[in-house]
Amino acid sequence: MNNINILVDCFNLKYTLECGQCFRWEAVENKPNTYIGVIHDRVLKITQEGNLLSVSSNKEEDLEEIVKEYFDLNKDYSKIEKKIATFDKKIATAVKNTSGIRHLRQDFFETLLSFIISANNNIPRITKSIQTISNRYGTKVMFEGKEYSLFPTKEQLKNVTVDEYRECGVGFRDRYLKDTVEDLLNNKIDVSNVDKLSTEELRKKLLTLKGVGPKVADCIMLFSCNKDEVFPIDVWVERVMSILYFKEYKGKMTKKDIMEYATKKFGKYAGIVQQHLFYNIREGKINLG
DNA sequence: TGCCAGGCCTTCC
DNA sequence: GGAAGGCATGGC
């Protein structure tokens, strides 16, 4: 067993893991602020007590480095939150409510498939489908006497059929997964290079994949590529934005209207604002008035 | 029973 | 280019 401690600032483990950006973490029963999750090539167990993270894993190699990158710990979120809070009182309240959300840097392939599955779906079922796919096709690892499954690689999914995806509970998204995995096996997108592309270049590439529209593309960029300026608009964000800023439109504004408003108002931190708004509205922290 | 869910694809105009 | 309809499935 390998244990490390990491000091953190402006970080809330619960908010970060439960705000809807990731699907493979589980709260440990009877242990407050403790979660077990599978990322990249290993299992992590993390506890937060104040500003201290205690991390254990089945794998020692590069543990601290991987945790710091995954949770984006080298970025000054305290500064970003202060900046965001100056946009207006509504945003200041939202950020105060959910301070410490960080944008994860998740595995690109896993995030891509996860958010294809997320389309017109709900979080419990998304979680279940991803778990089933991992259990069926991913590499098994042991941690604390229990077996876990890594998310499968594209090679491990090479021969999975449309019907087999359907059996994992993904519904009509089965063929999207099949097509997208095939495209990646043919190197339609160079996964090792995605971070180096500009937001526009990457979005354009993502939109060529089946099952990836504007919203899914933005989520992938926000939750695995650190593109903090994108502003994914789902039904929740559409709802909260219309309540906060478009009341007089009475539902007649389009997603394009919201997008233009948000990118202009929130600039390079639009994605971080978006995540606070999403979590606030979903958890009932914003008064729907 | 009917509606909703971190939307996208296809068809039609 | 934009609007409308279809789509699997489980929870409420």
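Chain A is the first sequence line, chain B the second, and so forth, proteins listed ahead of strands; every chain is numbered from 1.
For the pair A:R136 and A:E164, the salt-bridge criterion is not met [side-chain N within less than 4.0 Å of a carboxylate O]. Electrostatic pairing of A:E200 and A:R203 counts as a salt bridge here, judged by a charged N lying under 4.0 Å from a carboxylate O. Of the charged side-chain nitrogens involved, at least one lies within less than 4.0 Å of a carboxylate oxygen, so that A:K68 and A:E64 count as a salt-bridged pair.
Atom-to-atom, OH of A:Y176 to C1' of C:dC7 comes out at 7 Å; the value is rounded to the nearest Å. Between the CZ atom of A:R173 and the P atom of B:dG6 there is a distance of 11 Å, rounded to whole Å. Regarding A:F278, its CZ atom lies at a distance of 11 Å from the P atom of B:dA5, rounded to whole Å. We find that CG of A:D234 is positioned 10 Å from P of B:dC8, with the value rounded to whole Å. Rounded to whole angstrom, the span from the CD1 atom of A:I123 across to the C1' atom of B:dC4 amounts to 13 Å. Whole-Å rounding puts the A:L177 CG to B:dC8 P distance at 14 Å. In this structure, the CD1 atom of A:I126 is 13 Å from the C1' atom of B:dC4, given to the nearest Å. Look at CE on A:M259: it is 14 Å from P on B:dG7, rounded to the nearest Å.
Checking C:dA8 for Watson-Crick or G-U wobble geometry (two distances, each under 3.5 Å) identifies no partner in any strand. With a 3.5 Å ceiling on both atom-pair distances, B:dT1 lacks any Watson-Crick or G-U wobble partner.
Note on A:C168: nothing from the nucleic acid sits closer than 4.0 angstrom, heavy atoms only. No contact: A:I117 has no heavy atom under 4.0 Å from any strand. Counting any heavy atom pair closer than 4.0 Å across all strands shown, A:Y165 reaches no nucleic acid atom. Note on A:V170: nothing from the nucleic acid sits closer than 4.0 angstrom, heavy atoms only.
Using a 3.5 Å distance cut-off with no hydrogens or angles, the side chains of A:D72 and A:Y77 do pair a donor with an acceptor. Side-chain contact check for A:T98 and A:Q275: no donor-acceptor pair (N or O, by modelled atom type) lies under 3.5 Å. Donor-acceptor pairing under 3.5 Å is recorded for the side chains of A:T254 and A:D257.
The nucleotide whose nearest atom lies closest to any side-chain atom of A:A119 is, among B:dG6, B:dG7, B:dA5, B:dG7.
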Please produce a list of atom pairs where a protein N or O lies less than 3.5 Å from an N or O of nucleotides 10-12 of chain C.
none

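The aromatic rings of A:F266 and A:F87 are tilted relative to each other, their planes meeting at an angle between 30° and 60°.
Rounded to whole Å, the C1' atom of B:dC9 lies 23 Å from the corresponding atom of C:dG10. Rounded to a whole angstrom, the distance from the C1' atom of B:dG6 to that of C:dA4 is 22 Å. Between the C1' atoms of C:dA3 and B:dA5, the separation comes to 22 Å (whole Å).
Distance check, rounded to the nearest 0.5 Å: OH of A:Y137 to SG of A:C168 gives 4.5 Å.
In terms of position along DNA chain B, the nucleotide closest to A:K215 lies nearer the 5' end than the nucleotide closest to the other residue of the pair A:G211 and A:K215.
The aromatic ring of A:F115 does not stack onto the base of B:dG6, failing the criterion of a centre distance under 5.5 Å from the six-membered base ring together with planes under 30° apart.
A:E238 contributes no side-chain N or O that forms a donor-acceptor pair with the base of B:dG6 under 3.5 Å.
For A:R166, no side-chain nitrogen or oxygen approaches OP1 or OP2 of C:dC7 to under 4.0 Å.
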